[in-house]
4 protein chains.
Amino acid sequence: MDLIPTMPDHSLEKPAHCRRKEARPTEIIAAALHLFDEKGYAATRLDDVALRAGVSKGTIYLYFDSKEALFNAVVREGLVAALSGWEVRLANDAGNSSNLLGELVLDFSRMFGSDQAGAVLKLALSEAGNFPDIAHTYHDCVIEPGIDLLRRVVMRGMARREFRSVNPEIAAHIILAPLLMRVIWEHSFICGGSDVPTERYLAEYLDLVLEGLQSAG
Amino acid sequence: MDLIPTMPDHSLEKPAHCRRKEARPTEIIAAALHLFDEKGYAATRLDDVALRAGVSKGTIYLYFDSKEALFNAVVREGLVAALSGWEVRLANDAGNSSNLLGELVLDFSRMFGSDQAGAVLKLALSEAGNFPDIAHTYHDCVIEPGIDLLRRVVMRGMARREFRSVNPEIAAHIILAPLLMRVIWEHSFICGGSDVPTERYLAEYLDLVLEGLQSAG
Amino acid sequence: MDLIPTMPDHSLEKPAHCRRKEARPTEIIAAALHLFDEKGYAATRLDDVALRAGVSKGTIYLYFDSKEALFNAVVREGLVAALSGWEVRLANDAGNSSNLLGELVLDFSRMFGSDQAGAVLKLALSEAGNFPDIAHTYHDCVIEPGIDLLRRVVMRGMARREFRSVNPEIAAHIILAPLLMRVIWEHSFICGGSDVPTERYLAEYLDLVLEGLQSAG
Amino acid sequence: MDLIPTMPDHSLEKPAHCRRKEARPTEIIAAALHLFDEKGYAATRLDDVALRAGVSKGTIYLYFDSKEALFNAVVREGLVAALSGWEVRLANDAGNSSNLLGELVLDFSRMFGSDQAGAVLKLALSEAGNFPDIAHTYHDCVIEPGIDLLRRVVMRGMARREFRSVNPEIAAHIILAPLLMRVIWEHSFICGGSDVPTERYLAEYLDLVLEGLQSAG
DNA sequence: CATGAATGAGCCTTCATTCAT
DNA sequence: GATGAATGAAGGCTCATTCAT
């Protein structure tokens, strides 16, 4: 499966000519993301994507080879957005591990709080059956790095005797879960959901996790 | 949306007549569940459901009014399976709250370990966009009771000074998340996934959560 | 096309045994007639015919080879009913031709006033496209004899100088038309229709026709 | 029931672009009319309509929401065609009523002689059971105005002592019947039918009717 | 580049017909 | 004979994809 959409490289064109034209693919992707997230891949009609993007249906095919290619582009865009969020200063940060974990969680919250990354997370999970390649790519490029980051923070904390001894791999999964779940939640039970504001949720969550990790001493 | 499929009540028919007949709806539901879980609602063809159930396409319509009705039946079946799992002895159990929480988690694991309940959980989340009624029903009948159970255990622990003071509502969500996430995981990244066996995962998870809840004293 | 339904000859069975059984074909035909008339051939489901006849769907096939065969039987039954109505004493009646025409019209009205013959008339016209054989048979067995009868009365009247000189063939058609039309009317615009009672309609009709035929002298 | 098909208004589009495009709906309606007339609504396949119209099946759905909507459009078209035929100069015509009636009949004959109006008349009667709304609309918009016109001519004749005293309402029905019947005839017993040419039929018919209406003096 | 009319493969659904009981 | 569960061919409808303008 080709994750890179058929998209002409406009990088050498004069920049101030027609901003709309260059934004087209992005606008289409944004429209598609919204609808894929809302209705799922299969139930989303290209007509609706075109309508929402303000272009004709045929135009979509100028930039993407097929509906599946569009889906790939959507996910890839969200992938990039997500990846950029995982950039942490893990190494050069000299603070204590609890703070480091706290910042990681905030980063995460900011990243998946955007429609972009959040919707793609849900998409990757929902459509995993029909697009195993995407599921794998997403897992390898987003989930695994995130887990890895958490694992390293946990190991750092253990090494510095700030955290008690746990299985870092599993702990990372468990720590990540409530964050992912919260994202899925908001994209599935749109109306209603829990009325707990994100800040409180994160605070309480961090409190619980850190307490659980805290070294006995 | 009607969650009860149009399904004749066979309970009064002659029992030794044709054993297959009474099992048909169940077989169809099982086949449908498998495919819905694997490919999603829209991408599942009724032909394939029929093939897998070992019946003709028309037969499906003897028991279900439409593809959507079949989907409803599938979810409802999983709902029942899930609900039966939440039966806990919360009240008459005199043990300490940590043990109680541990048992709850085991119950949960058993329940959603079955394909039935697990697949339906993933379905409810994946197809929430297209079937808001189902999403709501699932939330109200499965998720919310589960959260409530956890909340009550947390409050019990706090009342008995076994747990420190936390927000029970949020804590319940956070405690539930890794369990749900694990289920989703297994239904999305089928091959691969984490190679951590469920028992170890649960043990580590319980350890972390209980440590996090532990009263300081 | 076979106008004779596959129907076992019960004429030699003991008569007082099980009246229902022998009446089955007739009951099925009656139910079919009602539904064919109401909804047309294609829109009538055999399930509904069975339901209305109080038998199972399979039973229909004990008496009729196919839906088309049932339709044929229905029409043929109505044909017989209609034909029996055309039995007139044309020859031995010595009265004047106006009276003779009046009696013919009354006969006609009685015949097509029954649901049986009336419905079949409408059926034959409506479904002529799909069942040309039936249309022809109906035309040859019912319409043509009726026209012929009228023609002979008109010719008799002309021969006896009771009627003025007209084209008997055409006159017969024109005289028949309002009678047929009235029947069609009642089977098409069921509710509403004209509120003129049949008696008045016939009287006025006869008055107009006879006046039109009246010899000038 | 909505008699107006979902049909984009092309009146403002560039005219010299693609002559075919604007004719499409009309061509589809014509093809549908032919087949509906020939085989009835239910027995007509949209594939066949498409084939006859020289378009693909999907194209039909560009202009009509459903088979039923297409049927509505067909009837409505025929309705318009029929209504335009009932335009008579009743008021300003100073001639005698017999002539007026004669002209009305010619108008009628011209109108329903076209496939359009004639086929729709038969359709309205045949499919009245399945489309009561259409039957009513047709009755109210075509039949009733026609009857009304005839009634007014009859009353005019009576007022001017050209016609004898009859019930105008009933007379109108009776006068209309042979005309309608002739139309139905031609659409039902396509091959064969009576071999009397329309002109002779009309002449004989008028002769009979006028004679019947003639004032005794 | 952009459009949107046209296409046709594919799927849900219906229903006449069969057949084991 | 009678039943009604099961069948599967057929048709209405959708929508991703193409292409002439």
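Quick note on labels: first sequence line is chain A, next is B, and so on, each numbered from 1.
- The shortest side-chain heavy-atom distance between C:L62 and C:V55 does not fall under the 4.5 Å cut-off.
- Residue A:R24 places at least one side-chain N or O under 4.0 Å from the OP1 or OP2 atom of E:dA2.
- Between A:G58 and D:T59, it is D:T59 whose nearest contact on DNA chain F lies nearer the 5' terminus.
- Taking only side-chain nitrogens and oxygens, A:R45 never comes nearer than 4.0 Å to OP1 or OP2 of F:dA16.
- Atom pair D:F71:CZ and F:dG12:C1' shows a separation of 16 Å (rounding to whole Å applied).
- Residue whose closest nucleotide on DNA chain E sits further toward the 5' end, between B:T44 and C:A43: B:T44.
- Rounded to whole angstrom, the span from the CG atom of A:L46 across to the P atom of E:dT3 amounts to 14 Å.
- Using Watson-Crick or G-U wobble geometry with both donor-acceptor distances under 3.5 Å, F:dT18 finds its partner in E:dA5.
- Whole-Å rounding puts the D:I60 CD1 to E:dG8 P distance at 13 Å.
- Between B:S56 and D:Y41, it is B:S56 whose nearest contact on DNA chain F lies nearer the 5' terminus.
- With a cut-off of 3.5 Å on both pairing distances, the Watson-Crick or G-U wobble partner of F:dG12 is E:dC11.
- The aromatic rings of C:Y41 and C:F36 lie tilted to each other, with the angle between the two planes from 30° to 60°.
- Side-chain proximity of D:Y61 to F:dT14, F:dA16, E:dA16: nearest is F:dT14.
- Distances shorter than 4.0 Å separate some side-chain N or O of B:Y63 from OP1 or OP2 on F:dA6.
- With rounding to whole Å, C:D65 atom CG is found 13 Å from E:dT18 atom C1'.
- To the nearest angstrom, P of F:dG12 lies 15 Å from CZ of D:F64.
- Of the candidate nucleotides E:dT13, F:dG12, F:dA16, E:dT13 has the atom nearest to the side chain of B:S66.
- Note: NZ (D:K67) to P (F:dA10) measures 16 Å, nearest angstrom.
- Taking atom CG on A:L35 and atom P on F:dC15, their separation rounds to 13 Å, with Å as the unit.
- For the pair D:D47 CG and E:dA9 P, the interatomic distance rounds to 11 Å; values are reported in whole Å.
- Side-chain contact between B:R52 and B:L35 is present, with heavy atoms from C-beta onward closer than 4.5 Å.
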Would you sort out whether C:H34 and C:D115 count as a side chain to side chain donor-acceptor pair (under 3.5 Å), showing the intermediate values? CA-CA 8 Å; C:H34 183 90; C:D115 278 350; 5.6 Å; no
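- Residue D:L62 places its side chain closer to E:dA5 than to any other of E:dC12, F:dA16, E:dA5.
- Put simply, B:K57 has no side-chain N or O that comes within less than 4.0 Å of OP1 or OP2 on F:dG8.
- Counting heavy atoms from C-beta on, the side chains of B:L70 and B:L46 come closer than 4.5 Å.
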